[in-house]
Amino acid sequence: DATLDRESFVQLGIKTALAIPLGLDGRVHHILVVHATRKPVLLHLLLVSQLRLLGEIFINAIERRDLLKSLTVHRERLDMAAASAGVGFWELDLETKVFWATPIALAHFHFSEDQTITLDDILAHIHPEDRDMVARNIECARNLDVEVEVEYRVSNNDDQVRWLFSRGRMRTNEQGGAPFLAGVTSECTERKELEHRLRAQVQEISQLREQLEQENIVLRSESAVEEI
């Protein structure tokens, strides 16, 4: 209580004590304490206000540091989860056409992390037959503010074709910056190849069925002729 605090101050040689509660979101999180030990000091209200402001600056810096630590941990966990799933994150500034991406997304297009990548660079790596389709989906996401999904082919330097799946939509910067397109990309080459093999097998089965039906028709015709 106050009596105990006063006795403690006397024992410590404190002549004047000032405690300023510093709040955040309507609650007191910290207390800024100022002591005078040489002689009693009459604290002016202006000085108290300045000390409060200084304390709030310190608190904001501490809160920002803690938030950055939390975001770093969250991003590391997200990166680990994305890496295990083979998913890459990306953002596209539609004004500057600059493309930002995580290492996995960059690897999908065979870019290194130290490169500055633009939308034209991305489109250049997409198969010519799919390039217009991807560009149309980007414009659709931009103009209609809807989520878009697209599967397309990209080519390696050795002309090996791989399939990618991308999903994205427009996002708004909390700091009031220009909207940007953000999304994820993953490789789906194995699935597309499996779909191709399944379609080929279905077509082969369909052809065999038609062949059997034709042969049955011929056999029935021959049997009818023999009976006559």
Side-chain angles (χ1 to χ4, degrees), residues 71-72 74-173 177-214:
L71 290 175
T72 299
H74 178 72
R75 180 167 182 173
E76 289 175 351
R77 292 174 179 173
L78 187 62
D79 288 344
M80 290 178 61
S84 63
V87 176
F89 297 90
W90 49 264
E91 295 179 2
L92 175 62
D93 187 324
L94 293 174
E95 291 187 355
T96 64
K97 306 298 183 182
V98 173
F99 187 86
W100 171 89
T102 60
I104 293 178
L106 292 173
H108 287 155
F109 295 96
H110 298 281
F111 292 118
S112 62
E113 297 184 33
D114 59 349
Q115 288 182 265
T116 299
I117 305 163
T118 65
L119 177 59
D120 290 339
D121 296 327
I122 295 294
L123 293 175
H125 278 69
I126 295 176
H127 193 283
E129 295 180 2
D130 299 336
R131 198 171 294 157
D132 289 342
M133 175 188 60
V134 173
R136 287 196 303 270
N137 274 270
I138 292 175
E139 288 303 313
C140 181
R142 179 179 190 176
N143 297 328
L144 301 180
D145 193 22
V146 296
E147 183 175 271
V148 295
E149 298 180 354
V150 59
E151 293 179 345
Y152 52 94
R153 291 162 291 178
V154 294
S155 300
N156 296 343
N157 294 330
D158 55 1
D159 294 330
Q160 180 183 2
V161 176
R162 295 179 301 109
W163 282 89
L164 297 180
F165 168 79
S166 293
R167 176 191 291 118
R169 72 172 304 155
M170 296 299 295
R171 302 293 181 187
T172 302
N173 193 318
F180 58 93
L181 184 64
V184 296
T185 295
S186 60
E187 184 171 352
C188 58
T189 302
E190 292 184 4
R191 176 173 61 81
K192 297 297 291 187
E193 291 178 346
L194 177 59
E195 290 176 357
H196 177 74
R197 290 195 296 269
L198 289 175
R199 284 196 297 269
Q201 291 174 0
V202 169
Q203 184 178 2
E204 182 179 357
I205 292 172
S206 178
Q207 292 174 348
L208 289 173
R209 184 181 62 186
E210 293 178 359
Q211 182 178 348
L212 289 173
E213 290 176 351
Q214 292 296 326

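No hydrogens, no waters, no symmetry mates; every other heavy atom, side chains included, goes into these values.
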Participant: Return the minimal non-hydrogen interatomic distance between E187 and L164, and the atom names on each side.
Facilitator: CA-CD2, 3.8 Å

Participant: What side-chain donor-acceptor pairs closer than 3.5 Å can you find for residues 199-211, not counting sequence neighbours?
Facilitator:
from : atom 1 : to   : atom 2 : distance (Å)
Q211 : NE2    : E215 : OE2    : 3.3

Participant: So, do I138 and L119 sit near enough that their side-chain heavy atoms are less than 4.5 Å apart?
Facilitator: yes

Participant: Identify the two heavy atoms, one from A182 and one from R171, that lie closest to each other, and give their separation to 0.1 Å.
Facilitator: CB-CG, 3.7 Å

Participant: The criterion is side chain to side chain donor-acceptor pair (under 3.5 Å); which residues satisfy it with D121, sequence neighbours excluded?
Facilitator: T118

Participant: Can you check whether F89's main-chain N or O pairs, donor with acceptor, with T102's side chain at less than 3.5 Å?
Facilitator: yes

Participant: Verify, without hydrogens or angle tests, whether Q115 (side chain) and S112 (backbone) share a donor-acceptor contact under 3.5 angstrom.
Facilitator: yes

Participant: Calculate, to the nearest 0.5 Å, the distance between atoms CH2 and CD belonging to W163 and E190 respectively.
Facilitator: 15.0 Å

Participant: According to the salt bridge (charged side-chain N to carboxylate O under 4.0 Å, His left out) rule, which pairs have a member within residues 144-155, sequence neighbours left out?
Facilitator: E129-R153, D130-R153, D145-R169, E147-R167, E149-R167, E151-R191, E151-K192

Participant: Does anything in residues 93-105 pair up under salt bridge (charged side-chain N to carboxylate O under 4.0 Å, His left out), and if so which pairs, sequence neighbours excluded?
Facilitator: none

Participant: Less than 4.5 Å apart, side chain to side chain, heavy atoms only: is that true for T172 and F180?
Facilitator: no

Participant: Who are the ring-ring contact (aromatic ring centres under 6.0 Å, His included) partners of F111, not counting sequence neighbours?
Facilitator: H125

Participant: Who are the side-chain contact (heavy atoms from CB on, under 4.5 Å) partners of V98, not counting sequence neighbours?
Facilitator: T96

Participant: Restricting to non-hydrogen atoms, name the atom on A141 and the atom on M170 that form the minimum distance, rounded to 0.1 Å.
Facilitator: O-CG, 3.1 Å

Participant: Does the side chain to side chain contact (heavy atoms under 4.5 Å, CB included) test come out yes or no for W90 and L181, once each step is laid out?
Facilitator: CA-CA 8 Å; W90 49 264; L181 184 64; 3.8 Å; yes

Participant: For the atom pair CZ (R162) and CZ (F109), what is the distance rounded to the nearest 0.5 Å?
Facilitator: 8.5 Å

Participant: Is V161 close to V154 at the side-chain level, that is, under 4.5 Å between some pair of heavy atoms?
Facilitator: no

Participant: Would you say the side chain of T185 lies within less than 4.5 Å of the side chain of F165, judging by non-hydrogen atoms?
Facilitator: no

Participant: I'd like to check V87 versus I104 (side-chain heavy atoms, cut-off strictly below 4.5 Å). Are they in contact?
Facilitator: no

Participant: Does the side chain of H127 reach to within under 4.5 Å of the side chain of Y152, using non-hydrogen atoms?
Facilitator: no

